[in-house]
K.L.:
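Before I ask anything, here is the structure I am working with.
The chains referred to below are lettered A, B, ... by the order of the sequence lines, with proteins before strands, and numbering in each begins at 1. In this text the structure is predicted, and so the values were computed from the model without any measurement. Values reported hereafter were calculated over all heavy atoms of this structure, with side chains retained and with hydrogens, waters and symmetry mates removed.
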2 protein chains.
Amino acid sequence: MQTLSTEDYLKAIYHVSQSSPGAVATTSIAKQIGAKPSSVTDMFKKLSDQNLVKYQKYNGVSLTNEGIKTALRIIRKHRLWESFLVSHLNFNWDEVHQVAEQLEHIQSEKLTNELERFLDYPTHDPHGDPIPNRALFMKTYNKILLIELPVNKEGVCIGVKDNSSDFLRYLDRRQIGIGTPLQILHREDFDDSLHIQAGKSTLMITKKTAENIYVKP
Amino acid sequence: MQTLSTEDYLKAIYHVSQSSPGAVATTSIAKQIGAKPSSVTDMFKKLSDQNLVKYQKYNGVSLTNEGIKTALRIIRKHRLWESFLVSHLNFNWDEVHQVAEQLEHIQSEKLTNELERFLDYPTHDPHGDPIPNRALFMKTYNKILLIELPVNKEGVCIGVKDNSSDFLRYLDRRQIGIGTPLQILHREDFDDSLHIQAGKSTLMITKKTAENIYVKP
DNA sequence: CAACAAATTTAGAGAAGTCTAAATTATTTT
DNA sequence: AAAATAATTTAGACTTCTCTAAATTTGTTG
Ligand SMILES: [Mn+2]
Ligand SMILES: [Mn+2]
Ligand SMILES: [Mn+2]
Ligand SMILES: [Mn+2]
């Protein structure tokens, strides 16, 4: 049985290891968690004692199979709760993360599985991220970043890379959300800005924005 | 902002103070929480420092207005979650307490209020206990224990005093639940047992059982 | 009212998680 | 390859919550 803190560390290690290959460094987790590197080292030792990570001094950690399973169980709960908050409790997609960060630690298999049934077995959360099923398997689309979409090729927004409130509310104002059809009309070489078609409106976005939107080509 | 532990203490103090008048004794909380009296003394000092209780050495504590409000906010969440688990997630009334014990600590006013709306502003939880509304006011029926119901007077089960799984499952087997019509047919002086009408069936219950069922006369 | 019993508090310590400051190891630069 | 820089770990300390064992206070009884 894990504590709230070890669960957050395992999740952070999982996320960092997904976005960059190889062992996970102390400082990368310190940044993610918002703790000092010395605290992270302490936790690495604790997780290693429980065989949830493989830890080599001065060389970071990697999750064991048990560690991966534990992380996925938490991610499963996190994303199911986010889905619930949006679909039934009138939360906007930029408001759910903070609350799901707490709800993901509730310990009750029955609760998790009944919530999943109640939501009718959703496969993706409000940000387009895949939800692990009961067997911890998740369905992943092949997706690309909007920046990588060829000019004039049609795509559909299926997720976001940056989950910050600022970015999500910016997309709300631009009326871009999951399911919105997207197409690049023109790439401006001068400042890397993009002229795009989003649903029925045309608008201009920066490179940074295009690097944080996932599309299905 | 309270910790999980201080919240549980405040709730325990509230419950004990409801069932017995005057200051709340150290040992009574120790029993309720499952901690040693010395730990309780420590916590009494901490709560007193935060002005949530009035504490006099060797004479127990009583909640301040702020302490009562904090306790009611937690009880509100506890009972709303219990209601949700039973009404939407297929939990039985004997299974909800343990999970609600965790969910009651989730910090999000919006979550609590939206959950209340989603459940259509329930006034009582699955055990018949009143749910404080947003203003922390709760509607209390005038209720009596089944043992106090006069012979042959009709009543309706509106709650239970003992919330243990054992008792609740026993009531399930006897097909007694919230809303079940109850009537005492005969009191046996010899062993204090009761012959009762419960819904459509007649059955025999002990004094102890009759002391743990609330009825509206 | 003195002696005993029960309740309560104090003293001291441990586990979990965090931090700062200092020491060590690894990496990059010159 | 040495020096400088960056990353990581260690040492020591603090907070919160808990415990055991001992001391103190309160209540009860002969
Ligand atoms: Mn979390
Ligand atoms: Mn998400
Ligand atoms: Mn609780
Ligand atoms: Mn209840």
Side-chain angles (χ1 to χ4, degrees), chain A residues 1-13 16-17 19-63 67 70-71 74 101-102 104-107, chain B residues 1-13 16-17 19-63 67 70-71 74 101-102 104-107:
Chain A
M1 200 108 301
Q2 299 308 309
T3 68
L4 191 144
S5 194
T6 58
E7 291 190 345
D8 280 340
Y9 272 90
L10 286 171
K11 194 160 58 97
I13 294 167
V16 171
S17 71
S19 59
S20 58
V24 172
T26 307
T27 33
S28 62
I29 295 303
K31 262 177 215 143
Q32 181 92 359
I33 296 266
K36 301 292 163 185
S38 55
S39 307
V40 175
T41 300
D42 280 358
M43 188 56 87
F44 279 3
K45 289 178 188 164
K46 252 174 270 179
L47 294 173
S48 180
D49 289 345
Q50 299 181 255
N51 286 311
L52 295 164
V53 302
K54 218 178 56 148
Y55 171 50
Q56 271 194 300
K57 259 194 195 181
Y58 293 99
N59 198 34
V61 292
S62 58
L63 289 168
T70 307
I74 300 155
E101 203 52 51
Q102 300 175 58
E104 70 190 357
H105 303 288
I106 304 293
Q107 312 245 322
Chain B
M1 200 108 302
Q2 300 308 308
T3 68
L4 192 144
S5 195
T6 58
E7 290 190 345
D8 280 340
Y9 272 89
L10 286 172
K11 195 159 59 97
I13 295 168
V16 171
S17 70
S19 58
S20 58
V24 172
T26 308
T27 32
S28 62
I29 296 302
K31 261 176 216 145
Q32 182 91 0
I33 296 266
K36 300 292 162 184
S38 55
S39 306
V40 176
T41 300
D42 279 359
M43 189 55 89
F44 280 2
K45 288 178 188 165
K46 252 173 269 176
L47 294 174
S48 180
D49 289 345
Q50 299 182 255
N51 286 311
L52 294 164
V53 302
K54 219 179 55 150
Y55 171 49
Q56 272 194 301
K57 260 194 194 180
Y58 294 99
N59 198 35
V61 292
S62 58
L63 289 169
T70 308
I74 301 156
E101 202 54 50
Q102 300 175 59
E104 70 190 357
H105 302 288
I106 304 292
Q107 312 247 319

K.L.:
Look at the side-chain N and O atoms of B:T41 and state whether any lies under 4.0 Å from the OP1 or OP2 oxygen of C:dT9.
P.N.:
yes

K.L.:
Hey, does the side chain of A:S5 come within less than 4.0 Å of C:dT18's phosphate (OP1/OP2), counting only N and O?
P.N.:
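So the side-chain polar atoms of A:S5 do come within 4.0 Å of the phosphate oxygens OP1 or OP2 of C:dT18, strictly under.
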
K.L.:
Round to a whole Å and report the spacing from OH of B:Y58 to P of D:dT26.
P.N.:
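After rounding, the reported distance stands at 7 Å.
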
K.L.:
Between B:I33 (CD1) and D:dC19 (C1'), how many Å, whole number?
P.N.:
16 Å

K.L.:
Consider the side chain of B:A25, meaning its heavy atoms from C-beta on, and name the nucleotide among C:dT8, C:dT9, D:dT8 that approaches it most closely.
P.N.:
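The answer is C:dT8.
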
K.L.:
Within the pair A:S39 and C:dC19, is there a side-chain N or O less than 4.0 Å away from OP1 or OP2?
P.N.:
yes

K.L.:
Could you tell me whether the phosphate oxygens of D:dC17, OP1 or OP2, come under 4.0 Å of any side-chain nitrogen or oxygen in B:K46?
P.N.:
yes

K.L.:
Considering only D:dA7, D:dT9, C:dC19, which nucleotide approaches the side chain of A:K57 most closely?
P.N.:
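It is D:dT9.
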
K.L.:
Measure the spacing between OG1 of A:T6 and CD1 of A:I74 and express it to the nearest 0.5 Å.
P.N.:
7.0 Å

K.L.:
What is the separation between atom CG on A:D49 and atom P on C:dG17, rounded to the nearest whole Å?
P.N.:
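Rounded to the whole Å, the gap is 12 Å.
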
K.L.:
Please report the interatomic distance NE2(A:H105) to NE2(B:H105), rounded to the nearest 0.5 Å.
P.N.:
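Interatomic distance, A:H105 NE2 to B:H105 NE2, rounded to 0.5 Å: 14.0 Å.
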
K.L.:
Within this structure, what is the OG1-NZ distance for the pair A:T26 and A:K36, rounded to the nearest 0.5 Å?
P.N.:
14.5 Å

K.L.:
Quick check for you: among D:dT9, D:dC17, D:dC19, whose closest atom lies nearest to any side-chain atom of A:T26?
P.N.:
D:dT9

K.L.:
In whole Å, what is the span from the CD atom of B:E7 to the P atom of D:dC17?
P.N.:
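Atom-to-atom, B:E7 to D:dC17, this comes out as 11 Å.
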
K.L.:
Round to the nearest Å and state the distance from A:L4 atom CG to D:dT16 atom P.
P.N.:
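Going from A:L4 (CG) to D:dT16 (P), I get 17 Å.
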
K.L.:
Checking contacts here: which listed nucleotide (C:dT18, D:dT20, D:dT24) is nearest the side-chain heavy atoms of B:K36?
P.N.:
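Closest nucleotide among those given: D:dT20.
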
K.L.:
From the set D:dT20, C:dT8, D:dT10, return the single nucleotide nearest to any side-chain atom of B:S38.
P.N.:
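Of the options given, the side chain of B:S38 lies nearest D:dT20.
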
K.L.:
Taking atom C1' of C:dT9 as reference, at what distance in whole Å does atom CG of B:D42 sit?
P.N.:
9 Å

K.L.:
Looking at A:G60 and A:F44, what are the two nearest heavy atoms and their distance?
P.N.:
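Smallest heavy-atom distance, with atoms named: CA-CE2, 4.5 Å.
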
K.L.:
Could you check A:G34 against B:F44 and say which one's nearest nucleotide on DNA chain C is further toward the 5' end?
P.N.:
B:F44

K.L.:
A:N59 CG to C:dT27 P: how many Å, rounded?
P.N.:
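Value for this atom pair: 8 Å.
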
K.L.:
Roughly how many Å is it from CG in A:L47 to P in C:dA16, rounded to a whole number?
P.N.:
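Those two atoms, CG and P, are 12 Å apart.
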
K.L.:
More than 12 non-hydrogen atoms from neighbouring residues, nucleotides or ligands closer than 6.0 Å to CD on A:Q107, yes or no?
P.N.:
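Enclosed: over 12 neighbouring heavy atoms sit under 6.0 Å from CD of A:Q107.
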
